[in-house]
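Any value given below was found using the heavy atoms of this structure, including those in side chains, with hydrogens, waters and symmetry copies removed. Naming: A, B, ... by sequence-line order, numbering from 1 per chain.
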Amino acid sequence: MSSYPEQDAIISGIGISDIGRKTRTSGIDLTMQSVRAAIADAGLEPTDIDAILTLGDTPADETARHLGIEPEKLGGPYGDAGLLAPVQQAAVAVGEQRARHVLVYRTVQMMGGTVDRPKRSGEKPRPRRDPRPVMSDVPYLLAADAYSAANWLAMHCRRHMYEYGTTREQLGAIALNARTNAALNPAAVFRDAMTMDDYLGARAVSTPFGLLDCDVPVDGSIAVVVSHRDHGSEAPNPAIRFAAIGGASGVGGWTQRPDYPKMAATEAASTLWSRTDLTPADVDIAELYDGFTFLTLAWLEALGFCGDGEGGPFVEGGIRIGRDGELPLNTYGGQLSAGRMHGYWVLHEACLQLRREAGDRQVAKPLDVAAVSVGGGPIAGCLLLTR
Amino acid sequence: MRNIPSVVDNDRAYWASGADGLLRLPFCAACDRWFFPPAGTCPSCSGEVGFRDTSGTGTVFTYTVNVQRYKPDLPTPYVVALIELDDQSGLRIPANVVGCEPDDVKIGMRVEVSFEPATSRDEPDGELFVPVFTPSDSGTGAESGGDRR
């Protein structure tokens, strides 16, 4: 037994569907592509899968039906990791031997750009309030016509600029780095070269965010199989181990943290580091959420790769975060250029890089430890993965 | 006319507080503190909650100029801000800054509350208001909103 249950879990298989803009492919078809690939990659058959975890589009029971299996219901104790919660629940369940192989996937489909849906006659009103405490300030943001996370996080970014002198050009370094890496990823949706002038000249969305600070909606599905580590010797591909996991409950919501513009990433990272002897200096590669450029900057600070307020200088010029730099960042192109897979492409890429299967974009230096993070505002989860 | 997406028991007094031009926020007498967002009990001591008048003055703590059109009938650009009220350090509410050019808004700018009439499908007959803030020349009471750390 290890100190923490996730340390007895591995990622034994990974799979990714076709990724594209307006593919007209159904969620279940995308899901079948990724989950079948992940199960085969793990050296397993669908009948080996004990449980399926996901969130959002394409529910687990539909996927189970298409795989012809009847998995167990699996509830995890670790519900605070936002989009990564299913991965962390799987790792904990496997570590506690409540399951042996858990299939986890995320399937996303592009959404429209407006908030108001056309109402169908007879449609029941939706519940008026999101019951989660982390969303308790959202009704007041909506009443101020702040409908998008772009608005909410732009305010964090503006305050960060005010307190620390962070610049648009520094945020742009994150966007340019993503595009440079996307050029080497055949699955990335935006691969044409981007200059700093392109970045700075893009139309404004919600200042200081312009269009190229925002990620790219896509259709796609990514899956992983989380297995007990004793499957590692049988699995056809190198096992990726969980060194630690972290999540946060989002105290302070989107607007009320005393240490604003910090976010729940701070507590998620703190939990992560409390569960391992590894330190930020041990991390060889970082795959950090970039729903907006600023979130990557915030995660770099939260995870301790640089000090509070030092994220801008850390990424400036892009050398340090390039594939040959000291901390290669978002090597597949990020959500900013490859596509918005809601935190699961960072996970997939970390595994691929640690397995040294990333093709033209494989980082040349030896890679032993990868940091993966997902989320923004009061929603945060992170992983430390090792070979 | 503004729209309030939802009105619940805990925040009805907040949305009604524009009727007499005073901004009222949830207040815990035991803690002697305001808090936000509204809740059924005090987030610090779980005690009983009332509403208490504020000065309605404060500073822009942070802001964004929204340019994206999220609703076809909502003109852009407009300013969304977090306003830190003079009454208590760290007491912030989300609100629009109006009455000036969006590009003139800055962190630390002095503002005062005004109210725009609103409707909500939750309270079709209610007299409701959305608080907004306009630039003011009033003193520099707020410290934490504008001070660079």
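Between T255(A) and R92(B) the shortest side-chain heavy-atom distance does not fall below 4.5 Å. T64(B) places none of its side-chain heavy atoms less than 4.5 Å from the side chain of R158(A). Contact check for M155(A) versus F61(B): no side-chain heavy atoms found under the 4.5 Å cut-off. Contact check for V80(B) versus W152(A): no side-chain heavy atoms found under the 4.5 Å cut-off. For the pair S136(A) and P37(B), the minimum side-chain heavy-atom distance is below 4.5 Å. Looking at D145(A) and Y70(B), their side chains never come closer than 4.5 Å, going by heavy atoms from C-beta outward.
Remark: E127(B) CD is loosely packed, at most 12 non-hydrogen atoms of other residues, nucleotides or ligands lying under 6.0 Å away. Enclosure of atom CZ in R168(A) by more than 12 non-hydrogen atoms of other residues, nucleotides or ligands within 6.0 angstrom is indicated. The neighbour count for R52(B) CZ, taken as heavy atoms of other residues, nucleotides or ligands under 6.0 Å away, does not exceed 12.
Ring pair W15(B)/Y140(A) is parallel by interplanar angle, where below 30° counts as parallel and above 60° as perpendicular.
In this structure, the portion of R203(A) lying under 4.5 Å from any heavy atom of chain B is its side chain and not its backbone. For A39(B), no part lies near chain A; criterion is any non-hydrogen pair under 4.5 Å. Heavy atoms closer than 4.5 Å to chain A are found in the side chain of Y78(B), but not in its backbone.
Contact residues of residues 94-101 of chain B toward chain A are P94(B), A95(B), N96(B) (heavy-atom distance under 4.5 Å).
Note: V65(B) leads N3(B), V67(B), V65(B) in heavy-atom pairs under 4.5 Å with chain A. Interface check for chain A: of the options V132(B), V130(B), L91(B), L74(B), the most heavy-atom pairs under 4.5 Å are formed by L74(B).
Applying the salt bridge (charged side-chain N to carboxylate O under 4.0 Å, His left out) rule to D215(A) yields the partners R340(A); only residues at least two apart in sequence or on another chain are considered.
The distance from the CG atom of D103(B) to the OG1 atom of T207(A) is 8.0 Å, given to the nearest 0.5 Å. To the nearest 0.5 Å, atom OG1 of residue T62(B) and atom NE2 of residue H160(A) are 11.5 Å apart. Atom CD of Q68(B) and atom OG of S206(A) lie 9.0 Å apart (nearest 0.5 Å).
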Which donor-acceptor pairs under 3.5 Å do the side chains of residues 18-30 of chain B make with protein atoms, sequence neighbours left out?
residue: D20(B); atom: OD1; partner: L22(B); partner atom: N; Å: 3.3
residue: D20(B); atom: OD1; partner: R24(B); partner atom: NH1; Å: 3.4
residue: D20(B); atom: OD1; partner: R24(B); partner atom: NH2; Å: 3.3
residue: D20(B); atom: OD2; partner: R24(B); partner atom: NH2; Å: 2.4
residue: R24(B); atom: NE; partner: D53(B); partner atom: OD1; Å: 2.7

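Residue pairs meeting the salt bridge (Lys or Arg N to Asp or Glu O under 4.0 Å) criterion with at least one member in residues 296-308 of chain A, sequence neighbours excluded, are K262(A)-D308(A).
Counting all heavy atoms, side chain and backbone alike, P139(A) lies closest to S6(B) at CB-OG, 4.2 Å.
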| task | Could you go through the side chain to side chain contact (heavy atoms under 4.5 Å, CB included) check for Q256(A) and F35(B) one step at a time? | result | CA-CA 9 Å; Q256(A) 301 296 316; F35(B) 64 90; over 6 Å; no

